[in-house]
Amino acid sequence: MNYKLEVITIELKDRQKEIIEIVKNNQPITSEAIAQMFGVTRSALRSDLSVLTMSGLLEAKPKVGYYYVDQSDRERMLDFIKVIKVDDVKSLPIVVDEKVSVYDAIVTMFLEDVGSICIISDGYLAGVVSRKDFLKAAIGGTDMKHMPVGMIMTRMPNIVVTYPKEPIYEAARKIIEHEIDALPIVEEVVLNGKSHYKVLGRLSKTNITKLFVNMTE
Ligand code: ADP
């Protein structure tokens with residue numbers, strides 16, 4: 001599926017245009033003060049103000065008031081987000097072989113301080129194992145020292161992956177849509193007409209949160 005950040009054109013009502021002018025000239029300005037200028041109550045302006053904040057034209061700071069958001073800043077920010085690729089924010093992959101015991105894979109998860117591990121078979125991605133998979137194995141009474149991790153992992157072809165050159169917002173969308181914490185970053189290798197995936201890295205919610213924090217700094 002192909003996702004695009006869309007530019008949405010909205011038609012502003014006259015009163016909304018006036019509100020923008022008032023905010024531009026008096027910012028920060030509270031909703032009470034704007035309402036006073038129109039000679040109406042605050043609740044009469046509520047829907048106009050929420051249209052303007054939801055569309056990103058105004059920003060509401062609690063206890064301070066409304067600010068006008070310069071649209072060139074907004075576009076610059078969108079352009080900036082669109083060029084960031086998975087490769088720019090990735091982490092090293094944490095990888096174990098499918099034959100390793102569940103016990104040793106749990107030890108790796110603790111030592112590496114991650115929430116999921118890529119499992120490989122003959123050097124290529126075979127699956128992913130996460131905290132919940134280990135908990136399921138534990139409550140199911142699995143013999144952790146003897147059961148190979150490959151028996152409890154989520155396996156290919158059900159693994160959601162990303163690629164170094166994929167835009168970061170598309171990878172972030174995959175994480176949200178599939179309700180998972182991380183994606184293996186892979187390179188496709190075709191051997192004897194069959195696709196295999198070499199694991200190059202790991203993209204987790206933490207990488208994206210760090211990017212978000214860096215952007216605000
Ligand atoms: P946690 O177990 O900490 O909630 P996740 O939400 O990432 O971690 O994992 C939930 C389930 O999704 C687990 O069964 C796990 O094996 C699986 N899973 C994790 N990452 C992926 C992925 N990239 N693709 C497909 N399945 C995944």
Side-chain angles (χ1 to χ4, degrees), residues 1-5 81-215:
M1 216 179 291
N2 198 13
Y3 299 106
K4 287 205 175 71
L5 289 180
I81 292 172
K82 279 194 260 184
V83 297
I84 301 171
K85 304 281 190 267
V86 165
D87 209 24
D88 301 324
V89 295
K90 66 174 183 215
S91 294
L92 287 174
I94 308 302
V95 172
V96 304
D97 190 274
E98 64 174 349
K99 294 192 193 78
V100 163
S101 70
V102 170
Y103 182 93
D104 286 342
I106 294 175
V107 171
T108 303
M109 183 174 272
F110 274 106
L111 291 178
E112 301 290 348
D113 195 15
V114 286
S116 58
I117 301 174
C118 291
I119 309 298
I120 52 167
S121 169
D122 294 328
Y124 294 110
L125 181 64
V128 168
V129 72
S130 77
R131 290 171 284 215
K132 238 175 260 152
D133 301 321
F134 289 139
L135 288 172
K136 262 190 247 161
I139 60 175
T142 301
D143 177 355
M144 307 245 187
K145 291 220 166 151
H146 295 102
M147 170 85 77
V149 70
M151 296 293 287
I152 67 155
M153 69 186 178
T154 301
R155 56 181 61 247
M156 291 292 277
N158 296 327
I159 301 301
V160 185
V161 297
T162 183
Y163 303 89
K165 295 289 166 241
E166 184 160 51
I168 194 73
Y169 68 87
E170 288 189 3
R173 209 188 279 262
K174 286 181 181 174
I175 287 181
I176 297 298
E177 275 185 1
H178 294 276
E179 298 181 355
I180 47 183
D181 287 347
L183 303 173
I185 307 168
V186 298
E187 180 192 333
E188 191 174 354
V189 180
V190 180
L191 291 176
N192 304 324
K194 222 179 145 218
S195 280
H196 296 269
Y197 294 96
K198 214 162 111 185
V199 182
L200 304 176
R202 179 170 187 272
L203 180 81
S204 70
K205 285 181 178 170
T206 307
N207 296 116
I208 296 166
T209 310
K210 275 189 189 154
L211 169 70
F212 183 72
V213 170
N214 288 344
M215 279 167 60

*Nearest 0.5 Å, what's the CD1-CD1 distance between Ile117 and Ile106?*
9.0 Å
*Give every residue pair that meets the ring-ring contact (aromatic ring centres under 6.0 Å, His included) criterion with at least one member in residues 84-115, sequence neighbours excluded.*
none
*What pair of heavy atoms forms the shortest contact from Val199 to Pro93, and how long is it?*
CG1-CB, 3.6 Å
*Taking all atoms of both residues into account, what is the closest heavy-atom pair of Arg202 and Ala182, and its distance?*
NH2-CB, 3.7 Å
_Side-chain heavy atoms of Val96 within contact of Val149, under 4.5 Å_ = yes
*Listed by chain and number, what are the side chain to side chain contact (heavy atoms under 4.5 Å, CB included) partners of Asp143, not counting sequence neighbours?*
Lys145, His146
_Test side-chain hydrogen bond (donor to acceptor under 3.5 Å, both in side chains) applied to Thr108 - qualifying residues, sequence neighbours left out_ = none
*Asn207 side, atom CG; Ile185 side, atom CD1 - distance, nearest 0.5 Å*: 7.0 Å
*How would you list, by chain and number, every residue that makes a salt bridge (charged side-chain N to carboxylate O under 4.0 Å, His left out) with Lys85, sequence neighbours excluded?*
none
*Partner residues of Lys205 under the side chain to side chain contact (heavy atoms under 4.5 Å, CB included) criterion, sequence neighbours left out*: Ile175, Asp181
_Which residues pass the side-chain hydrogen bond (donor to acceptor under 3.5 Å, both in side chains) test with Glu188, not counting sequence neighbours?_
Ser195
*All side-chain hydrogen bond (donor to acceptor under 3.5 Å, both in side chains) counterparts of Asp87, not counting sequence neighbours*: Lys90
*Non-neighbouring partners of Met147 that pass side chain to side chain contact (heavy atoms under 4.5 Å, CB included), sequence neighbours left out*: Val102, Thr142, Met151, Ile152
*Can you name the side-chain hydrogen bond (donor to acceptor under 3.5 Å, both in side chains) partners of Lys99, sequence neighbours left out?*
none
*Inspect the surroundings of CG in Asp122 and state if more than 12 heavy atoms from other residues, nucleotides or ligands are less than 6.0 Å away.*
no
*Give, for atom CG of Asp113 and atom CD1 of Ile94, the distance between the pair rounded to the nearest 0.5 Å.*
9.5 Å
*Could you tell me the separation between the CE atom of Met153 and the OG atom of Ser116, rounded to the nearest 0.5 Å?*
14.0 Å
_Non-neighbouring partners of Tyr124 that pass ring-ring contact (aromatic ring centres under 6.0 Å, His included), sequence neighbours left out_ = His196
*Kindly compute the distance separating CG (Leu92) from CG (Leu200), expressed to the nearest 0.5 Å.*
11.0 Å
Expected list for residues 154-168: side-chain donor-acceptor pairs under 3.5 angstrom, two or more places apart:
{"residue": "Arg155", "atom": "NH2", "partner": "Gly150", "partner atom": "O", "Å": "2.7"}
{"residue": "Thr162", "atom": "OG1", "partner": "Glu166", "partner atom": "OE1", "Å": "2.5"}
{"residue": "Glu166", "atom": "OE1", "partner": "Lys174", "partner atom": "NZ", "Å": "3.0"}
{"residue": "Glu166", "atom": "OE2", "partner": "Lys174", "partner atom": "NZ", "Å": "3.2"}

*Identify, with sequence neighbours excluded, every residue that meets side chain to side chain contact (heavy atoms under 4.5 Å, CB included) alongside Ser121.*
Glu98, Ala126
_I need the minimum non-hydrogen distance between Met109 and Val114, along with the two atoms involved._
CG-O, 3.0 Å
